[in-house]
Number of protein chains: 2
Amino acid sequence: MISCLLVEDQTLVRLGLANLLNLSDEIVVDGQAQNGVEALQQLEHRDFDVVLLDMRMPELDGLGVLTALQKRACLAPKVLIITTFEDCDVLVEAMALGAKGYVLKSIELEELIDAIKLVVAGGKVLQPALTDYLLQKQIAPQVILTAKELQVLKCLSLGMANKSIAHALNNSEGTIRNHVSNILAKLEVKDRTQAVLKAISNGLV
Amino acid sequence: MISCLLVEDQTLVRLGLANLLNLSDEIVVDGQAQNGVEALQQLEHRDFDVVLLDMRMPELDGLGVLTALQKRACLAPKVLIITTFEDCDVLVEAMALGAKGYVLKSIELEELIDAIKLVVAGGKVLQPALTDYLLQKQIAPQVILTAKELQVLKCLSLGMANKSIAHALNNSEGTIRNHVSNILAKLEVKDRTQAVLKAISNGLV
DNA sequence: TTTTACCTATGACATCTGTCACTGTTTTTG
DNA sequence: CAAAAACAGTGACAGATGTCATAGGTAAAA
């Protein structure tokens, strides 16, 4: 039997999925968590063969869990991300942080069970729908913003003007203008509005 | 026993939820549909006490189903919307289209069962989290944009510059500037970026 | 019919925005 | 250590943005 920790914030989805998996005779969900914090607590106490991890959660999200797990690399469990298409912008980050697979909640039950077995066996899983998505993304390679730029971008996406941002971040307006200019270049957009739109749709903020 | 049609596109969620509800001794999910079209087909063949309806679906979404059901008003079944917080902008529309209740997927199982019973009994259900949301909306009374303004706002939220919008809508740039100015005043914001953010969060676009 | 609201347009104006070139300081990294 | 990034700053500039006053045309409502 494959022992499995299920991390998902929506109670109905979590209970339902746990039930379904437990009906199979190969997988047993013997741990559940509503958010990243709970998940890490459970993982301290005992080991699981695999962690089914949702991305969007309160308290600590999927990426947070992955980051935390990386720090104790030796005994990191296999992680299979199971989430919605809306959250798949972070696919690359998640895999970079050590996730072994990434499937959508729209997956069929049998496929999911196969994916879990594959991951436990040491494989990697990516749904066809996602590989297409990846291809599209890789044409426009990963944008890397510096910490400061990300800070400014967050201000932008709050609708702040350069002057306000300068005041908020204790910089001159000119400096903020430079940062904004660099952000626009990196995001390949022409003005702050487009930057905000791109940031939102890419989950950068 | 309350007979129930469950309409939800994500297979795992649907099967899981159906299982959970069937475990109770008051509710039986004896119909399932993956989208609005399938739901309407099922409803032609037979009656259900209640329809559990997801909002965001392929083919035909929740609002579409409600609209279709309204047209044969006499034998419209009770509808309980069960969806995510992201889709709750359409709450008012859904209720106006005859939905008897609106709950989030984050609801607890027992609460959901209670909600279903309440709806079948002729009541209406709104989760506390949603009533708060409604209040917020009503404090900032409905902004009324003219058709043209809405058109311009949509362009804004695509990240277009005034010149582009002017070109796209066959107007002078000055005219567009005037429209933008009026939009900003009506939305009570200071620049186009804030306008776009507000438009998005209020579902105006 | 008169009024009202909407769409269109122009010109002038102040301000904001984004770019560029150039100069530093500090921190990270090879 | 030396090179490379990241960060902060200035000044000058072009162009975009938003405001205001003003005004003509059209369509719907009173």
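Every chain is numbered from 1 and lettered A, B, ... according to where its sequence line falls, protein lines coming before strand lines.
Taking atom CG on Asn170(B) and atom P on dC7(C), their separation rounds to 16 Å, with Å as the unit. dT17(D) atom P lies 7 Å from atom CG of Asp191(A), rounded to whole Å. Taking atom CZ of residue Arg192(B) and atom C1' of nucleotide dT19(D), one finds them 14 Å apart after rounding to whole Å. The interatomic distance linking Glu149(A) (CD) with dA8(D) (C1') rounds to 13 Å, in whole Å. For Arg177(B) and dA14(C), the CZ to P distance is 15 Å, given to the nearest whole Å. The CG-C1' distance, from Leu156(A) to dC16(C), rounds to 13 Å in whole Å. Between Ile176(B) atom CD1 and dC6(C) atom C1' the separation is 14 Å, expressed in whole Å. If you measure from atom CG of Asn182(A) to atom P of dC20(C), you get 11 Å, rounded to the nearest angstrom.
Electrostatic pairing of Asp54(B) and Arg14(B) does not count as a salt bridge here, judged by no charged N lying under 4.0 Å from a carboxylate O. Between Asp30(A) and Arg46(A) there is a salt bridge, since a side-chain N of the basic residue sits under 4.0 Å from a carboxylate O of the acidic one.
Distance from the side chain of Lys148(A) is smallest for dA8(D) among the nucleotides dA8(D), dT17(D), dT8(C). In the set dT17(D), dG18(C), dC7(C), dT17(D) carries the atom at the smallest distance from any side-chain atom of Asn162(B). Among the nucleotides dG18(C), dA9(C), dT17(D), the one closest to any side-chain atom of Glu173(B) is dT17(D). The listed nucleotides are dT17(C), dT19(C), dT8(C); the one nearest the side chain of Leu184(A) is dT19(C). Counting only heavy atoms from C-beta on, Thr146(A) has its side chain closest to dA6(D) among dA8(D), dA6(D), dT17(D). For Lys163(B), taking side-chain heavy atoms from C-beta onward, the closest of the listed nucleotides dG9(D), dA16(D), dT19(C) is dA16(D). The side chain of Ala161(A) sits closest to dT17(C) out of dA8(D), dG18(D), dT17(C).
Side-chain nitrogen and oxygen atoms of Asn171(B) include at least one within less than 4.0 Å of the OP1 or OP2 phosphate oxygen of dA9(C). Ser181(A) has no side-chain polar atom (N or O) that falls below the 4.0 Å cut-off from OP1 or OP2 of dT17(C). OP1 or OP2 of dT8(C) lies within a sub-4.0 Å distance of a side-chain N or O belonging to His179(B).
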Query raised in the report: Should Gln10(A) and Ser106(B) be marked as a side-chain hydrogen bond (donor to acceptor under 3.5 Å, both in side chains) after you check the CA-CA gap, both sets of side-chain angles, and the distance that decides it?
Result: CA-CA 4 Å; Gln10(A) 293 175 349; Ser106(B) 56; over 6 Å; no
**Report entry** Stepwise salt bridge (charged side-chain N to carboxylate O under 4.0 Å, His left out) test for Asp191(A) and Arg192(B)
**Finding:** CA-CA 11 Å; Asp191(A) 59 49; Arg192(B) 64 213 287 113; 5.5 Å; no
Report task. Determine, step by step, whether Glu8(B) and Arg56(B) satisfy the salt bridge (charged side-chain N to carboxylate O under 4.0 Å, His left out) criterion, reporting the C-alpha distance in whole Å, the side-chain angles of both residues, the deciding distance to 0.1 Å, and the verdict. Result -> CA-CA 8 Å; Glu8(B) 154 74 50; Arg56(B) 203 183 308 185; over 6 Å; no
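Closest-nucleotide positions on DNA chain C for Thr175(B) and Met160(A) were compared, and the one nearer the 5' end corresponds to Thr175(B).
Side-chain to base pairing of Asn178(A) with dC20(C): one donor and one acceptor N or O lie within less than 3.5 Å of each other.
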